[in-house]
Amino acid sequence: MEVQATGTSPLYLFEKFEVGVIHLDAARNVVAMNDFARKVLPVGEKQPFDKLVTSFHPERSKPKVNFLLDQASGCPVASSTPMTMIINIPEQVLLIKVTRLGDHLGATTGFVLVFYDVTQVVSQEATPATADLPAPANLRLNRIPTTANHRVAFVDTADVLSLESQAHYTRVLTRDGFHFCNLSIGDLETRLDPAQFLRVHRCFIVNLQAVAELGREGSKTLIVLKGKHREPIPVARGEVARLREALGLLAKH
């Protein structure tokens with residue numbers, strides 16, 4: 001029976017994804033890649049062939065790629081499901097999967113790194129380009145990619161209450177609880193709508209629509225969010241005025 005894919009179905013979206021494929025040897029050096037990977041990655045600039053796969057990744061992404069390969073290098077039974085990760089590069093969001101290759105004895109002979117450009121799934125144009133204005137450097141996220149149990153789920157930004165930095169990763173809070181995102185809070189900040197989200201602290205971004213209370217505890221300003229997750233969020237002293245203005249508590253100058 002033939003399966004029909006509609007314009008909004010996951011199957012239709014999956015069929016539209018272009019796929020990049022990179023072959024690594026057991027030492028994690030690049031052996032080969034397909035044409036789409038050549039187009040997306042800075043091959044001409046750094047010529048990564050016969051070099052470590054991390055040689056053409058930005059510094060903030062290298063720990064993530066190494067973690068992905070470390071996990072894939074583990075027990076063949078435990079790592080039979082390809083490891084999944086999301087990374088952010090200028091103007092694109094990539095979903096990466098890594099799986100181990102083995103010989104007839106099960107010894108590791110290399111890895112296959114596969115990535116999909118999921119930018120269209122999670123983004124929308126920030127501002128249309130005009131004759132006077134250039135096209136936006138980044139596309140706005142309307143869904144945040146999160147990972148759990150080697151699976152990727154997309155959380156609508158309207159459902160996000162706050163985001164909390166966890167080193168190179170981010171903890172995303174919704175009314176349902178916390179979700180894990182491979183992207184850093186800095187990556188997310190550049191892609192989120194500044195009219196909806198405000199970075200109030202080096203470790204926190206809040207959805208302005210989710211703010212229930214704004215109060216003080218001594219010299220500290222704190223935010224209480226709507227819903228059952230009411231643990232206060234600290235506001236950096238330098239961000240208080242900007243937050244109050246965004247909430248309509250301070251007249252614009």
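Here the structure is a predicted model, which is why all the values come from computation and not from measurement.
Legend: residues meeting ring pair (Phe, Tyr, Trp, His ring centres under 6.0 Å) with F115, ordered by chain and number and at least two apart, are F36. For P234, the side-chain contact (heavy atoms from CB on, under 4.5 Å) partners at least two apart in sequence or on another chain are H201, F204, L222. The side-chain contact (heavy atoms from CB on, under 4.5 Å) test applied to V19 returns V21, V114, Y116, not counting sequence neighbours. In this structure, R237 has no salt bridge (Lys or Arg N to Asp or Glu O under 4.0 Å) partners at least two apart in sequence or on a different chain.
Under a 4.5 Å side-chain heavy-atom cut-off, the cluster of Ile, Leu, Val, Met, Phe, Trp and Tyr residues that includes L105 has no other member. Cluster partners of F180 are Y169, counting Ile, Leu, Val, Met, Phe, Trp and Tyr whose side-chain heavy atoms approach within less than 4.5 Å, directly or via other members.
Formation of a donor-acceptor pair under 3.5 Å by the T170 side chain with backbone atoms of L183 is found in this model. Between the side chain of T108 and the backbone N or O of A26 there is no donor-acceptor pair closer than 3.5 Å. Of the possible polar contacts, one joining the K226 side chain to the Q209 backbone as a donor-acceptor pair under 3.5 Å is found. Proximity of a side-chain donor or acceptor of D156 to a complementary backbone N or O of A158 within less than 3.5 Å is not detected. The main-chain N or O of A153 is found under 3.5 Å from a side-chain atom of T146 such that the two form a donor-acceptor pair. In this structure, the side chain of R216 engages the main chain of S219 through a donor-acceptor pair within 3.5 Å.
A distance of 9.5 Å separates CG of L161 from CG of L163, quoted to the nearest 0.5 Å. To the nearest 0.5 angstrom, L141 atom CG is 8.0 Å from T157 atom OG1. N29 CG to F49 CZ: the interatomic distance, rounded to the nearest 0.5 Å, is 12.5 Å. Rounded to the nearest 0.5 angstrom, S162 OG and L225 CG are separated by 5.0 Å. Once rounded to the nearest 0.5 Å, the distance linking CG of D193 with CG of L198 reads 11.5 Å.
The neighbour count for Q166 CD, taken as heavy atoms of other residues, nucleotides or ligands under 6.0 Å away, is above 12. The 12-atom threshold is exceeded at CG of D103, counting heavy atoms of other residues, nucleotides or ligands nearer than 6.0 Å.
Among I144, D187, V155, T147, the one residue that satisfies the side chain to side chain contact (heavy atoms under 4.5 Å, CB included) test with C181 is I144.
When hydrophobic clusters are built by joining Ile, Leu, Val, Met, Phe, Trp and Tyr residues whose side-chain heavy atoms come closer than 4.5 Å, directly or via intermediates, V224 is not grouped with L249. L208 is connected to V200 through a chain of hydrophobic side-chain contacts under 4.5 Å among Ile, Leu, Val, Met, Phe, Trp and Tyr, so both are in one cluster. Both L214 and L173 belong to a common hydrophobic cluster when Ile, Leu, Val, Met, Phe, Trp and Tyr are linked at side-chain heavy-atom distances under 4.5 angstrom. In this structure, I22 is not a member of the same hydrophobic cluster as L52, with clusters built from ILVMFWY side-chain heavy atoms closer than 4.5 Å. Residues V31 and V53 are members of separate hydrophobic clusters, defined by side-chain heavy-atom contacts under 4.5 angstrom among Ile, Leu, Val, Met, Phe, Trp and Tyr.
Nearest heavy-atom pair across F111 and R28 is CE1-CG, 4.2 Å. Between T174 and V160, the closest heavy-atom pair is CG2-CA, 4.3 Å.
In this structure, R242 does not pair ionically with E245, as no charged nitrogen and carboxylate oxygen lie closer than 4.0 Å.
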